[in-house]
Amino acid sequence: MTGDSPAVIELRGITRVYGRGEAEVRALDGIDLTIRSGEFVAIMGPSGSGKSTAMNVIGCLDSPTSGEYLFNGVDVAGLDQDQRALLRRHYLGFVFQGYNLLPRTPALENVELPLIYKGVGAAERRGRALAALEQVGLAQRADHDPSELSGGQQQRVAIARALAGSPEVLLADEPTGNLDTHRSAEIMELLVRLRAETGLTIVMVTHEEDMAAYADRLIWMVDGRIADDRPTTGGARHAG
Amino acid sequence: MLGETIRLAVRAIWRNALRSFLTVLGVVIGVAAVIAMVTVGQGSSAQVTQDVAKLGTNVLMIRPGQAAMGPRSSSTSERAFDLRDVDRLIREVPAIETASAAEQSQMSAVAGNVNYRTTVWGAGNAYLDATDWPVVLGRRFVTGEEQGGRAVCILGETVRQELFGDTDPVGDKIRLKSMSCEVIGVLDAKGASSFGSDQDDIVMIPVRTFQRRIAGNSNVNMIYAAVRDGVSTELAQGEIEAVLREIRRIGTGEEDDFNVMDMKQLASMLTGITDVLTGLLAAVAAVSLLVGGIGIMNIMLVSVTERTHEIGIRLAVGAQARQVLQQFLVEAIVLSLMGGLMGIALGLGLAALASRIMAIPFTPDPVVVLGAFAFSALVGVVFGYFPARRAARLDPIEALRHQ
């Protein structure tokens, strides 16, 4: 299904070095990775393996120290802060472990947030945000503040927010890290369904094998390098 | 986008209503102080102008000596006028309708066993005409009384109250020094002047009576002249100066040894003093605006720290640095504008109250109100910029990690 899709993300010899001299840390040490449109990729690895840094670089929250990053064939490694913001605004959606919703702000307004920066008018914005909440099954909670929602619901609002901007790639950083197994399974099934419905590309960092099993490809990182890259065996589990 | 930002700013301010209010209190007080000071100051200037207008805007004051303001006694070494000069002015200056000597002296007036210290004016009907001052009880002087220097007097309302209460004093006698004097009338009440002096605290007697019985000489130290309707005061001033120079034999090239002052000049001199005072007070009040601005900067910095996580979220979903900058800047501006509006309301309220108490006109100046509003916006921009820039420069990853 994905073998001959066009590459969305191509990393070539990406390094990310923090600090200088003695204190130098090579968080990413020469990463080569190609992710094709519509793929669901899980990244795993021990603490300090560089998986979060990889996520930040792929998500254009951070710039690599060296190497080439082609997004839809365009080199984006050298973009400045504002250009990266535009890239995030138009092509990327984020889901975080801690949900990262604006406190004391209703779910609907949280979901509208990326659309505000996209310059979508108020009426259309509302419609699209409601549709996104509908997709995650929370339309009836549109006017609830995050504090009035359970963890699983908050994460679904966060997913709706990421979807509202119609991104090409959804980046999920430990999306089930704060949830119990049952809620975690719900979130993963939601991601799989959304991928199937919209053709979204998903890159997810996790430390749980069970969650990684929902992806169709697993990348294993150690010491800032990719140690293993193979299709998951559990791919069949969600196929039906 | 800007509308969106303003809506967002109002929400953020409202979410912390109490803190926002305390934050802008400095601006509120600063703006209120400036507006109250300036409005009250302008009100008292207007009052001075009005008072002087009551004397008659077409009235000229002629005094011996060179032009200089301030208190002066009647015993100046300068050559005084005399009553012949007044007559010649009336005859020879077509631009003036009438002229009157106006001498004055402080002394006690006694009626029965009541003793009251007041100002005795030696003037006449011409003075009452020049200043448009009607007699409301009894009558004015008759020609014989003025020419003959008879012992008759007209009381100001205050003196009548002090000496006779509410009873009709006409026909009664009062004593000024050793002179017993018949009351023939009571003047219309004028009220206090803007400097608090009571204009009704006066006893008026014919100028000849004053010269003979009180001053003991024939000097005239002040002449009031009323300019004819439709004639400019400048023209009248020029004609009076020409005639007086001739009377006093002042040669060409020599300076006048008298001065003719227009009431408008007098008013502008007096309001000038009020304006300087107003300016000074407003400047002091403006300092509190500065302090208020620093308060806003302080709270905006706290706000940026508190909302670092929120800024991280906004950056992650695609906000650019300048949009974050705009958000915080707009918030600071909206905050200080709200403070400005509250300050304007409070300042105008205070000014209205003070004007009422001081019995001066309440004249809010739109320029001052708009100026204060604009200045509070400026405070927002200046003191909001630094915190906003700090917010805009946050690194998205760091900001997201901040809890």
Side-chain angles (χ1 to χ4, degrees), chain A residues 16 18 27 52-53 55-57 59-63 79-106 109-122 125 145-146 157-158 160-167 171 173, chain B residues 1-21 299 302-331 334-335 388-403:
Chain A
R16 180 66 176 95
Y18 297 106
S52 285
T53 306
M55 197 67 164
N56 289 338
V57 169
C60 288
L61 288 167
D62 197 2
S63 290
L79 296 186
D80 67 20
Q81 179 92 260
D82 276 345
Q83 292 168 323
R84 292 204 304 274
L86 286 179
L87 198 71
R88 294 196 294 273
R89 182 187 297 175
H90 293 288
Y91 298 101
L92 303 173
F94 290 89
V95 177
F96 303 93
Q97 177 176 3
Y99 323 132
N100 284 347
L101 299 175
L102 295 182
R104 287 170 291 181
T105 305
E109 287 187 35
N110 264 294
V111 176
E112 283 184 27
L113 194 61
L115 298 174
I116 291 177
Y117 292 110
K118 275 192 147 179
V120 178
R125 201 163 69 211
D145 281 1
V157 172
R161 178 179 63 192
L163 290 176
S166 317
L171 297 151
D173 192 355
Chain B
M1 189 68 210
L2 186 63
E4 199 64 51
T5 315
I6 292 172
R7 200 181 59 89
L8 200 73
V10 172
R11 274 185 57 121
I13 289 165
W14 193 246
R15 205 145 54 193
N16 280 310
L18 178 65
R19 189 174 80 182
S20 303
F21 174 71
I299 291 297
V302 171
S303 180
V304 167
T305 310
E306 263 184 12
R307 286 155 66 192
T308 298
H309 191 69
E310 174 193 326
I311 294 165
I313 296 169
R314 291 179 182 278
L315 290 170
V317 301
Q320 285 177 315
R322 61 179 177 81
Q323 288 166 321
V324 174
L325 181 91
Q326 181 182 297
Q327 184 191 340
F328 278 83
L329 201 54
V330 165
E331 199 171 313
V334 169
L335 198 61
R389 201 188 54 167
R390 175 176 280 198
R393 287 187 174 178
L394 286 172
D395 173 64
I397 300 168
E398 291 294 325
L400 275 172
R401 211 173 281 156
H402 192 278
Q403 287 296 338

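In what follows, every chain begins at residue 1, and chains take the letters A, B, ... in the order their sequences are listed.
What you find for B:Ile13 and B:Glu331 is that their closest heavy atoms are CD1-O, 3.7 Å.
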**Test side chain to side chain contact (heavy atoms under 4.5 Å, CB included) applied to A:Asp173 and A:Val95, step by step** = CA-CA 6 Å; A:Asp173 192 355; A:Val95 177; over 6 Å; no
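For A:Pro167, no part lies near chain B; criterion is any non-hydrogen pair under 4.5 Å. Interface residue A:Arg161: only side-chain heavy atoms are found under 4.5 Å from chain B. A:Leu101 touches chain B through its backbone: at least one of N, CA, C or O sits under 4.5 Å from a heavy atom, while the side chain does not. Both the backbone and the side chain of A:Thr105 come within contact range of chain B, judged by heavy atoms closer than 4.5 Å. Looking at B:Ile397, the atoms closer than 4.5 Å to chain A (heavy atoms on both sides) all sit in the side chain, from C-beta outward.
Between the side chain of A:Asn110 and the backbone N or O of A:Leu102 there is at least one donor-acceptor pair closer than 3.5 Å.
The side-chain contact (heavy atoms from CB on, under 4.5 Å) search around A:Gln97 returns A:Glu174, A:Asn178, not counting sequence neighbours. Applying the side-chain hydrogen bond (donor to acceptor under 3.5 Å, both in side chains) criterion to B:Arg11, with sequence neighbours excluded, gives A:Glu109.
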